[in-house]
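A short write-up of the structure that comes next.
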Amino acid sequence: MEKRYDPHAIEQHWYETWEKQGHFAPSGEGEPYCIMIPPPNVTGTLHMGHAFQDTLMDTLTRYHRMKGHNTLWQPGTDHAGIATQMVVERQLNAEGKTRHDLGRDKFIDKVWEWKEHSGGTITRQLRRMGSSLDWKRERFTMDEGLSDSVHEVFVRLYDEGLIYRGKRLVNWDPVLHTAVSDLEVVSEEENGHMWYIHYPIADDKGVATEAYLTVATTRPETLLGDSAVAIHPEHPTLAKLIGKRVVLPLCERTIPIVGDEHADPEKGTGCVKITPAHDFNDNEVGKRHDLPLINVFTIDAKINEEMPEKYRGMDRYDARKAIVADLDALGLLDKVEPHKLMVPRGDRSHTVIEPFLTDQWYVKTAPLAEPAIDAVKSGKIKFVPQNWEKTYFEWMNNIEDWCISRQIWWGHRIPAWYDEAGNIYVAADEATVREKYKLADDLKLRQDEDVLDTWFSSALWPFSTLGWPQKTPELETFYPTSVLITGFDIIFFWVARMVMMGLKFMDDVPFKEIYIHGLVRDSHGQKMSKSKGNVLDPIDLIDGIDLETLVAKRATGLMQPQMRAKIEKQTRKDFPDGIPSYGTDALRFTFAALASTGRDINFDLGRTEGYRNFCNKIWNAARYVLMNTEEKDCGQEGGEIELSTADRWIISRLQETETAVERGLDQYRLDRAANAIYEFTWNEYCDWYLELSKPVLYNDDSSEAALRGTRRTLVRVLETLLRLTHPIMPFLTEEIWQRVAPLAGKTLVEGESSLMLEPFPTADESKIDTHASSEMEWVKAFVLGIRSIRGEMDIAPGKPLAILVQDASSEDQRRLNDHQTTLHSLARLESVELLAEGAEAPESATALVGSMKILIPMAGLIDKEAELQRLEKEIGKVEGEIKRLGGKLNNPKFVERAPEAVVAKEREKLEEMQTRQQQLIEQKEKIAAL
RNA sequence: AGGCGCGUAACUCAGUUGGUUAGAGUGUCACCUUGACAUGGUGGAAGUCGGUGGUUCGAAUCCACUCGCGCCUACCA
């Protein structure tokens, strides 16, 4: 074995082997366990959020596979309609073309080309993460099979009246020229203005009078589409105007003043302009008062041809300026105030979204939501952590109909046809339409131009990927899936919709549990984003990246090039030497260790470095074990075995660790599982057990049985530890296991056997050995006591010490004898001498093990002052503790009311401390007197 | 406005149903290249657990209030 752990040397090789051997496929035996990957964008790349999520899913998948379950982690990608179309359009734009130059069919060919070209990136990256996805079953939302599912669902929902087409106000993206759902609109506070405008009150003939109403608006250009002014019916001063009309400035028409409770007397000027075609609230008011919907804009959000001539063709913001100027000129502009407002922007285009009147397709969600709410209420679906169900309920109870049509080309085209009279026919394809509706062959039909929202197909993912609407064995076996692992940001987009669709079409929930994980942020808690320049690429952490490449990566292609200098500076400061290669296992362990529930994770590279070191620790522990066991008798062939206290102790601790890891994984507390592994491996197996094995292995007097016992324990504990760790760190563990397993008595088949397929360790209660544990506690206390004096007194660690022991009980004496070799080795002793009772001890530094004193003679070694200082410090600590305990025990209420065991424990502690104090003081006096 | 979450060592985080001398990693200080590992070993320093009040024999942990930060939803003429 190499002296250092090198992830590059092993990772790729093992992944290829596993995949080639078909180890990722379900075994076909055991209880089914299934996770659906949240499908990433097919043309996307892996980011830290994916890497985190994939670590969680892969760890659980590997864990259940090792537990003997019939395990499927279903891979696949989605077509990300708008995002992907935008990318391809940008490429065309760069060539000076638009998609319209190509036409729909040619453009879609281009998108497929792009998908073929870049579609492998993310799946390659998933492989780099070690993800044990069953690639043979990989699916894509635009696959034929999945498209069949989409059509089937659309048609059935339409036939049941749960999908309808309607002219309604939608969120319109004037750049992308498509409707988007309300979830795709991101509102953020921006600085704007509030304009106060006078609307002259009309007389009976519709002519402006001197009187006027003042309305306030943040969007004066929509004035062109006003169809009323609303006043609260109980408004103290203005209510009397209800029923009259006002003259709409700049337009040659009058509009009514209506009474509506939407108008809040406290807000603004107390009356509000109503633009039913360009505001969701106004639209509702319009319906109540039967007001006309007057559309002001074109699909580009320019003023349309129906509007006063002067403004036609103007962009919405130019029109705003012109209208405000004209109002001002007419003396109708009261005032302008700066105003903060929430501006809705498209999450893709970032342009301001316009409420706009168009024909769209909708899913009627209320009937679907109800069973979906019940599924969570009844516990058929559990959220982890549970409080996310509040978020879920909140949305489900206020759910709006879902606008599913998108005016783009890339996606599932809506399976609806129109004849020339505008009748709608819905079926999977044109032939079926004619058959279903018994239409004449020569009737001209035209398919709807729109495509479906990508999330429509994603909502079917848990069953469409398993073959639905066919009744496949996979569907039978793996639906409902075991758990969905995802971020809270798509509870509405995806999770809720999968639940609705699953219940509707499979008559069962799509998953039994939903594990919601946090967001991966940078080490200061900032969201990672290209524009902030703080993005980390998981692949760079695995492979490493030099500073210049990293700077170039972060500082190019920015939306705001002025950020470049700042980002570059920050990057050079944060990573003066670039990023070293940590390997996949270390990255995965970091994610696992940081994955406590319900909390965002601030990704700290320092942690990754620490866990990379941990990998090296395991590597070297294995190296030590192999050096001492390979080609030696480890008891595989039988033979007498003698287990030392240390052997029994480490085996005992291993059982406890197994329990902790299993519990952690079962409860989605990967941090606890990871910490239990870390703790055991480093602080017990490496720090103590390996050291304890040395005096046995390096001692010529050790019996064959003792040697076998130690070797066998070294190997078996390591082998088990590798199985325990494999779900989190698959590569390192596999590499080592292949060499260690035969020594632990396993028979491996070259090229076929894999740690992946080995049983996950389960604790054996009968191996928990409290006696061995207490023996070891004593040994540790002894060794630590001596090390502490060495450290503080500056005694060379290599210098053998001749020590004296005082006040040793018979138990202590027995232990001194039993563990003689161990103590000599670990504490580097030259000799141990029992001080006879009453005998005068030489001036010494003292360590206490229980009530036994270890004396290290100071002659020539220890400075008097230093020892006095050390004792003083120690006494201070003990006295503080005595004071605390004394206070507690002197409180009669404590003694009365606290459980007896607690009181007894405190008493015991106090006594111990008092003895300790006394001994330390004696010692101090003795030394002071010298 | 409503909801959720967070605030523990310089930094990143644990702390399972209230009972430990409040822990880990990184960093830091001292010593050490001893035959698994300097990606290491040994020893040390470092926290009034955001604040106030309460419940309790006992609070980082439970309750109330409060300050600070973050996120989500809704609304803003």
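Each chain gets a letter, A, B and so on, in the order its sequence line appears, and its residues count up from 1. What you see below is based on every heavy atom in this structure, not just the backbone, and it leaves out hydrogens, waters and symmetry mates.
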With a cut-off of less than 4.0 Å, is there a side-chain N or O of [X] near OP1 or OP2 of [N]?
X	N	value
A/Lys694	B/A36	yes
A/Tyr624	B/G40	no
A/Asn602	B/C13	yes
A/Asn398	B/U73	no
A/Arg4	B/U39	yes
A/Arg669	B/A14	no
A/Lys617	B/G41	yes
A/Ser788	B/G44	yes
A/Lys273	B/A77	no

Would you mind telling me which of [options] lies closest to the side-chain atoms of [X]?
X	options	value
A/Ala216	B/A36, B/C4, B/A77	B/A77
A/Asp671	B/A14, B/G40, B/G70	B/A14
A/Pro797	B/A14, B/C32, B/A36	B/C32
A/Asn281	B/A36, B/A77, B/C75	B/C75
A/Asp264	B/A77, B/C71, B/G19	B/A77
A/Glu792	B/G43, B/A77, B/U39	B/G43
A/Tyr678	B/U16, B/G25, B/U34	B/G25

Identify whether any heavy atom of [X] sits under 4.0 Å from a base atom; if not, whether one sits that close to sugar-phosphate; answer base, sugar-phosphate or nothing.
X	answer
A/His262	base
A/Lys909	sugar-phosphate
A/Arg663	nothing
A/Glu691	base
A/Trp682	sugar-phosphate
A/Cys271	base

Could you give the [atom1]-to-[atom2] distance, from [X] to [N], as a whole number of Å?
X	N	atom1	atom2	answer
A/Leu519	B/C4	CG	C1'	15 Å
A/Leu718	B/C37	CG	C1'	14 Å
A/Arg607	B/U12	CZ	C1'	6 Å
A/Asp600	B/C69	CG	P	17 Å
A/Phe488	B/U73	CZ	P	10 Å
A/Phe680	B/A24	CZ	C1'	18 Å
A/Leu910	B/U20	CG	P	15 Å
A/Tyr611	B/C37	OH	C1'	19 Å

Taking pairing as Watson-Crick or G-U wobble with both contacts under 3.5 Å, can you name the mate of [N], or confirm there isn't one?
N	answer
B/G43	B/C29
B/C69	B/G5
B/U20	none
B/A36	none
B/A64	B/U52
B/C75	none

Check if the side chain of A/Arg787 and the base of B/U42 share a donor-acceptor pair of N or O atoms closer than 3.5 Å. no
Does any donor-acceptor pair link the side chain of A/Glu679 with the base of B/A14 at a separation under 3.5 Å? no
What's the gap between [N] and [M] when it is taken at their [atom1] atoms, as a whole Å value?
N	M	atom1	value
B/U8	B/A60	C1'	7 Å
B/U17	B/C63	P	12 Å
B/A64	B/G3	P	13 Å
B/U48	B/U16	C1'	26 Å
B/G54	B/U20	P	22 Å

Check the angle between the aromatic planes of [X] and [Y] and answer parallel, tilted or perpendicular using the 30° and 60° thresholds.
X	Y	value
A/Tyr685	A/Phe680	parallel
A/His193	A/Trp195	tilted
A/Trp388	A/Phe488	parallel

Within-4.5 Å side-chain heavy-atom neighbours: A/Val229 and A/Val215: yes
Verify whether one side chain among [X] and [Y] offers a donor that lies under 3.5 Å from an acceptor in the other.
X	Y	answer
A/Asn675	A/Asp671	no
A/Thr275	A/Asp226	yes
A/Glu609	A/Asn613	no
A/Thr486	A/His517	no

